[in-house]
Amino acid sequence: MFFKRKKKATDESYGAFGTGTVLSLEQVPDPVFAQKMMGDGYAIELTDGTIVAPSEGEVTVVFPTGHAYGIVREDGVEILVHLGIDTVQLEGKGFVSHVKVGDKVSRGDKLATMDLELIKEAGKSIISPMIITSGQAITLHRDGETVTPTTEDIFSVNA
């Protein structure tokens with residue numbers, strides 16, 4: 001068969017990937033994210049270094065530096081969680097990965113741990129974007145709010 005039908009995800013909601021204040025992408029201090037060149041999404045200005053899966057899916061990308069993670073849901077929605085801004089320059093310092101490519105994750109499963117103080121001392125921003133890289137737009141429901149990984153209904157993907 002030439003066309004593969006996308007399955008409906010078991011859990012259609014999205015949670016926060018960390019603890020901190022929700023920001024619209026336009027507030028991210030990097031034009032690639034702020035201008036939505038990679039896709040729509042939102043960011044969190046983190047106050048805690050524990051990073052979790054915002055949704056269920058399969059881990060498809062784990063950057064060797066530990067600063068970015070890709071997850072694909074059963075319904076085909078692709079998610080990129082990018083930890084900090086310009087943090088790739090740290091070459092992995094301040095990041096510990098807890099997953100590998102091919103792992104199945106549920107919302108709330110630990111993806112990584114960040115050393116926020118080390119990252120800030122290195123002059124890097126801890127504002128961390130989450131991007132829908134499969135092209136869907138989102139509606140952000142909690143702009144400016146403080147969230148934790150247990151906070152529900154951060155955003156919805158527009159059909």
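- Side-chain contact between Asp40 and Gln136 is absent, with no heavy atoms from C-beta onward closer than 4.5 Å.
- Listed for the Ser134 side chain is no donor-acceptor partner under 3.5 Å among the backbone atoms of Ile132.
- Using a 4.5 Å heavy-atom threshold, the side chains of Thr65 and Thr87 count as separate.
- Remark: Glu56 does not engage Arg107 in a salt bridge, criterion side-chain N to carboxylate O under 4.0 Å.
- Note that the CG atom of Leu116 and the CD1 atom of Ile126 stand 5.0 Å from one another [nearest 0.5 Å].
- Heavy-atom minimum distance, Ala16 versus Ile44: CB-CD1, 4.2 Å.
- Summarising the geometry of Ala112 relative to Leu83, their closest heavy-atom pair is CB-CD1, 4.1 Å, with the distance given to 0.1 Å.
- With contacts defined as side-chain heavy-atom distances shorter than 4.5 Å, the pair Lys124/Leu90 qualifies.
- Criterion: ILVMFWY side-chain heavy atoms under 4.5 Å apart, direct or through other members. Under it, Phe63 and Val101 are not part of a common hydrophobic cluster.
- Tracing side-chain contacts under 4.5 Å through hydrophobic residues (I, L, V, M, F, W, Y), one reaches Val81 starting from Val105; they form part of the same cluster.
- You'll find the side chain of Ile51 stays beyond 4.5 Å of the side chain of Thr113, heavy atoms only.
- When all heavy atoms of Phe95 and Gly66 are compared, the pair lying nearest together is CD2-O, 3.5 Å.
- Of the inter-residue distances, the one linking Ile79 atom CD1 with Tyr69 atom OH reads 15.0 Å to the nearest 0.5 angstrom.
- Taken from NZ in Lys93 to CD in Glu121, the straight-line distance is 13.5 Å, to the nearest 0.5 Å.
- Tracing side-chain contacts under 4.5 Å through hydrophobic residues (I, L, V, M, F, W, Y), one never reaches Met130 starting from Leu23; they form parts of separate clusters.
- Side chain of Ser97 to backbone of Val99: no donor-acceptor contact under 3.5 angstrom is found.
- Here the side chains of Asp86 and Asp30 are in contact, with some heavy-atom distance below 4.5 Å.
- No side-chain heavy atom of Pro149 sits less than 4.5 Å from a side-chain heavy atom of Thr50.
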- Query: Hey, mind stepping through Val28 and Glu26 against side chain to side chain contact (heavy atoms under 4.5 Å, CB included) and telling me if it holds?
  - Reply: CA-CA 6 Å; Val28 174; Glu26 292 81 7; over 6 Å; no
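- Nearest heavy atoms, Leu46 versus Ser128: CD1-OG, 3.2 Å.
- Hydrophobic clustering (side-chain heavy atoms under 4.5 Å, transitive across Ile, Leu, Val, Met, Phe, Trp, Tyr) groups Val157 together with Val147.
- When only modelled atom types and interatomic distance are considered, Ser156 and His141 share a side-chain donor-acceptor pair under 3.5 Å.
- Side-chain atoms of Leu111 and Val52, non-hydrogen and from C-beta on, never get closer than 4.5 Å to each other.
- Using a 4.5 Å cut-off between side-chain heavy atoms of Ile, Leu, Val, Met, Phe, Trp and Tyr, with links allowed through other members, Ile71 and Ile131 fall into different hydrophobic clusters.
- Aromatic pair Phe33/Tyr42: ring centres not closer than 6.0 Å.
- Under the rule for a side-chain contact (heavy atoms from CB on, under 4.5 Å), the partners of Val72 that lie at least two apart in sequence or sit in another chain are Thr60, Glu78.
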- Item | Intermediate values then yes/no, side chain to side chain contact (heavy atoms under 4.5 Å, CB included), Val59 and Lys100 | CA-CA 7 Å; Val59 177; Lys100 63 187 181 313; over 6 Å; no
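- For the salt bridge (Lys or Arg N to Asp or Glu O under 4.0 Å) test, residues two or more places apart in sequence or in another chain that qualify with Glu145 are Arg142.
- Summarising the geometry of Ala53 relative to Ser106, their closest heavy-atom pair is CB-O, 3.5 Å, with the distance given to 0.1 Å.
- Side-chain contact between Asp143 and Gln27 is present, with at least one heavy-atom pair separated by less than 4.5 Å.
- Considering every non-hydrogen atom in both Ile127 and Ala43, the closest pair reads CG2-CB, 3.9 Å.
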